[in-house]
J.: 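Just passing along the structure, written as structure tokens.
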Amino acid sequence: MHESETSKDWKWQIANRISTREELEGYIELTADERAAFNGSIPLSFAVTPHYANLLKHAALRRTVIPTGHENALGTGELADPLGEEDHRATPHLIHTYPDKVLFIATTFCSTYCRYCTRSRLVGKPAASTFEQSFQYIEEHTEIRDVLISGGDPLTMADPVLDELLSRLREIPHIRTIRIGSKVPAVLPMRITGDLCSILRKHRVWLSLHFIHSAELSPETQAACRKLSDHGIGMVSQTVLLKGINDDTQTLIDLFYGLLEINVKPYYLLQCDPVRGSAHFRTSVEKGIKLIRSLHGRISGLAVPQYVIDAPGGGGKVPLIGKEQIHREGDDILFLNHQGNEYRYPDPMDYPI
Ligand SMILES: *Cc1c(COP(=O)(O)O)cnc(C)c1O
């Protein structure tokens, strides 16, 4: 296939991203619906690394990155900004929703765009450049302990830029934990170089990695995670629950055990946010609860993440354990967040359970 020495290099992978229908057709035969989606206007940026394109023979992965006509439909309760992040935007790069942690959107660039991206309103689009105002905000807000650097994908930034960002955050005395959210080990594993590992280790960074299916755990991805682990970097995973892709017990077990084997602790199983054009990816909340219940007690507790729903409008992440936590009102479910405030999530009854 598309193999050469240079394809092992992450900069080559980014420079040679597949971003048009014609390029994608060099890897995979498209369905009529997929081809039609490309001919229309695609609401969300499209790009896939050559590495990930070579995995698209797996039907599950294919659906998460190739546009379809479903994206043009606006589902019940769907919004451009489902988590109300813009209401909590403290500076051009900071979202401050929780008291002691802050989300630092360091870049809007991703090597590969997920079709269900909760930040589809921002990704692939230009962003403000200087971080200075954001550093000042964190310095002034001495209650902040934890900075979660996300995007876009921060690990697509060049080593010196990342090193400088992390150094600057480490100079702030009240910051105790720095995390980076990334899908790079799955979509661009060759980015995990010795130099990058040294930078992450130097600044004692935790990685929060996005994985959705065991088909992503290619030999290159496994090697990348083992390398990070060998450098002493702590890793957890976040998995979005996706209809027809990973919403069955065995698929989740295969993924979570596969992650543990490469020293990644399953952290969150996230109910899919109601971002516009994502209804075809969403399972019902009741099914999510059933699935997580099917894992508790059955497999290693280490392999079981927390099932969480991110309360629309900025209520934060709420762990769901039992059906008694949710209350149905028509097509919505209601539940309480950590402050005891009630939040509403669109969960139409016509989803097959
Ligand atoms: C998810 C999220 C965080 C981190 O939350 P944890 O539950 O600590 O992993 C921080 N800020 C925002 C805005 C988030 O959405």
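Counting starts at 1 for both ligands and their atoms, in listed order. If you're wondering where the values come from, they're calculated on a predicted model, not measured in any experiment.
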J.: Assess the side chains of Ser294 and Arg298: does a donor N or O sit below 3.5 Å from an acceptor N or O?
T.: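 Arg298 and Ser294 do not have a side-chain donor-acceptor pair below 3.5 Å.
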
J.: Quick one: nearest non-hydrogen protein atom to atom 13 (C) of ligand 1, plus distance?
T.: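 Going by distance alone, atom 13 (C) of ligand 1 is nearest to Thr97 OG1, 3.4 Å.
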
J.: Between Ser229 and Asn263, is there a side-chain donor-acceptor contact under 3.5 Å, judged purely by atom types and distance?
T.: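 Yes - a donor-acceptor pair under 3.5 Å links their side chains.
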
J.: To which protein heavy atom is atom 14 (C) of ligand 1 closest, and what is the distance rounded to 0.1 Å?
T.: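 Checked against all protein heavy atoms, atom 14 (C) of ligand 1 sits closest to Lys317 NZ, 3.1 Å.
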
J.: Considering distance alone, does some N or O of Tyr267 sit under 3.5 Å from an N or O of ligand 1?
T.: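 The answer is yes, given that Tyr267 and ligand 1 share an N or O pair closer than 3.5 Å.
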
J.: Quick check on contacts: which atoms of ligand 1 are under 4.0 angstrom from a heavy atom of Arg179?
T.: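 So the answer, numbered in order with elements, is 4 (C), 5 (O), 6 (P), 8 (O), 9 (O).
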
J.: Any idea which protein heavy atom is nearest atom 12 (C) of ligand 1, and the distance to it?
T.: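 The closest one turns out to be Tyr98 CE1, 3.5 Å.
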
J.: Compare every heavy atom of Leu165 with every heavy atom of Phe104, then report the nearest pair and how far apart it is.
T.: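 For Phe104 versus Leu165, the nearest heavy atoms are CZ-CD1, 3.8 Å.
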
J.: Using only heavy-atom distances, determine whether the side chains of Tyr98 and His338 contain a donor-acceptor pair under 3.5 Å.
T.: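 No, no side-chain donor-acceptor pair sits under 3.5 Å.
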
J.: Enumerate the atoms of ligand 1 whose separation from the nearest heavy atom of Leu148 is less than 4.0 angstrom.
T.: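 Matching atoms, with element in brackets: 3 (C), 4 (C).
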
J.: How long is the straight-line distance from OG1 of Thr118 back to OH of Tyr116, given to the nearest 0.5 Å?
T.: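 If we round to the nearest 0.5 Å, Tyr116:OH and Thr118:OG1 are 11.0 Å apart.
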
J.: Relative to the heavy atoms of Tyr268, which atoms of ligand 1 are at a distance of less than 4.0 Å?
T.: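 Matching atoms, with element in brackets: 6 (P), 7 (O), 9 (O).
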
J.: Would Lys101 count as being in polar contact with ligand 1, using the rule that some N or O on each side must be under 3.5 angstrom apart?
T.: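 N/O-N/O distance under 3.5 Å: yes.
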
J.: With sequence neighbours excluded, tell me which residues meet ring pair (Phe, Tyr, Trp, His ring centres under 6.0 Å) with His88.
T.: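 Residues passing ring pair (Phe, Tyr, Trp, His ring centres under 6.0 Å) with His88: none at all.
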
